[in-house]
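Report on the following structure.
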Amino acid sequence: MPSYPQLIASLLGFAAMQGVAHAGSITVYSALESDEIATYLDAAHKALPDIDIHVLRLSSGDLAARLIAESAQPRNDVVWGMAVTDMQEPRIAALLTPVHSKNIDAMPPAFRASDARWFAPTGYLAALCVNRKALAERGLPAPRRWSDLGDPMYRGQIAMPDPASSGTGYMVLSSLTANGSDDAAMQRMVQLSRNIGQVTLSGSAPCKLARIGEFPIGISFAFAAMQSIRQGYPIDMVLPTDGSGYELEGSALMTAAAHPDDAKRFLDWTASPQAAALYRGYKEIVAAPGSVPTDEQQRAGLPADIVATLPARDFAAAARERTSLIARYKKLTR
């Protein structure tokens, strides 16, 4: 993800956001990727032609920091596609207000906050990007479980994102250790760490390293693996059978929204079947009722019933334990 905020202009056109938004416009802060934002906005403008949608795209960490920095005088109406774990940070959660609509309320309960302060139309799933050619050259078998990655034969053969800098890295650590409460799972993470040849800053980087054969195994997320397969790299996507790591991408209405009615209409659209059809081009987890992975995604290894198979996650605990869990992991893996 970029180190600095990137402004994504709506297709209706506008310059940099300054001052107070005028009536009929909303300001949206998002951690979604730039290319998908452009695709979604094109459709949103057609569905909501009377609303100017101004989107400021930031990395996950920058988005959280900006919301906290502006908490006394929020400048946005909507948060769109932010890691739900990050939204549980008390200073951020306090800025959000419950939101209801036909499409939002139709989403499965696991993808909505019990107090309606957030909902998550999409999410991403931890996966291994395995370069079958590189494995064969090294005489190594393909891993099938997280626990396999602790085997000494994989010493130096794995790239993994840093839990301290990468949302994907922390998602893997927190998901697989039950937010640090599973000591046996934490020990497996420690064993895995001994085989890591490179720690990356982002969640997509390990898959990029795997697809060029620099490391035969990259711990990443499913879309990065499926994208690599589509682009013709010798990559197999492996969804380990002994644990599912995932994160949801939440959206929410700001309590201080300057134009709450327009913001609610936009949020309802993001939970619509029309939006869900677009999400399929970028996301492995799509929460809209009846949404299933494409044939291409299923051929790559994504289960048809992926939403139903996701284990419950305590996102509030993941947020609460972040600092201590990362510190504990770093200490154990020195």
(request) Start with the C-alpha gap between I26 and N76, add the side-chain angles, then the distance that decides, and say whether side-chain contact (heavy atoms from CB on, under 4.5 Å) holds. (result) CA-CA 7 Å; I26 60 172; N76 63 309; over 6 Å; no
(request) For the pair R188 and D183, find out whether any cationic side-chain nitrogen is under 4.0 Å from an anionic carboxylate oxygen. (result) no
(request) Could you check R75 against T27 for side-chain contact (heavy atoms from CB on, under 4.5 Å), going step by step and ending with a plain yes or no? (result) CA-CA 7 Å; R75 300 178 183 178; T27 297; 5.9 Å; no
(message) Which label fits Y282 and Y40: parallel for a plane angle under 30°, tilted from 30 to 60°, or perpendicular past 60°?
(response) perpendicular
(request) Would you please say whether a donor-acceptor pair under 3.5 Å links the side chains of H259 and D77? (result) no
(message) So that I can tick it off, tell me whether E89 and R322 are bridged by a salt bridge, with the cut-off set at under 4.0 angstrom between side-chain N and carboxylate O.
(response) no
(request) Look up atom OG in S220 and atom CG in L128, then write down how far apart they are to the nearest 0.5 Å. (result) 9.5 Å
(message) Taking the basic N atoms (NZ, or NE/NH1/NH2) and the acidic carboxylate oxygens, is any pair closer than 4.0 Å for K264 and D268?
(response) no
(request) Tell me yes or no: between the side chains of Q88 and R320, is some donor less than 3.5 Å from an acceptor? (result) no
(message) Assess whether a salt bridge exists between E33 and R57, defined as any Lys/Arg side-chain N lying under 4.0 Å from an Asp/Glu carboxylate O.
(response) yes
(message) I'd like to know if the side chain of S272 pairs up with that of N103 as donor and acceptor (distance under 3.5 Å, no hydrogens or angles considered).
(response) no
(request) Calculate, to the nearest 0.5 Å, the distance between atoms CG and OG belonging to D262 and S25 respectively. (result) 7.5 Å
(request) List the steps and the verdict of side-chain contact (heavy atoms from CB on, under 4.5 Å) for M160 and V199. (result) CA-CA 5 Å; M160 176 178 169; V199 176; 5.7 Å; no
(message) Is there a side-chain contact (heavy atoms from CB on, under 4.5 Å) between L56 and V28? Walk through the geometry before answering.
(response) CA-CA 6 Å; L56 181 63; V28 179; over 6 Å; no
(message) When you compare the side chains of R313 and S175, does any donor N or O come within less than 3.5 Å of an acceptor on the partner?
(response) yes
(message) Just verifying a value: how many Å separate Y170 OH and N179 CG, rounded to the nearest 0.5 Å?
(response) 5.5 Å
(request) Evaluate the side-chain proximity of T85 to M171: yes if any heavy-atom separation is below 4.5 Å, no if none is. (result) no
(message) Restricting to non-hydrogen atoms, name the atom on V172 and the atom on I219 that form the minimum distance, rounded to 0.1 Å.
(response) CG2-CG2, 4.1 Å
(request) State whether a side-chain donor-acceptor pair under 3.5 Å links T39 with D42. (result) no
(message) If I take atom CD1 from residue I235 and atom SG from residue C207, how far apart are they, to the nearest 0.5 angstrom?
(response) 5.5 Å
(message) Let me confirm one number: the OH-CD distance from Y279 to E249, rounded to the nearest 0.5 Å.
(response) 9.5 Å
(message) Once rounded to the nearest 0.5 Å, what's the spacing between atom CZ of R328 and atom OG1 of T333?
(response) 11.5 Å
(message) Could you see if I68 belongs to whatever hydrophobic cluster contains F315? Use Ile, Leu, Val, Met, Phe, Trp, Tyr and a side-chain cutoff under 4.5 Å.
(response) yes
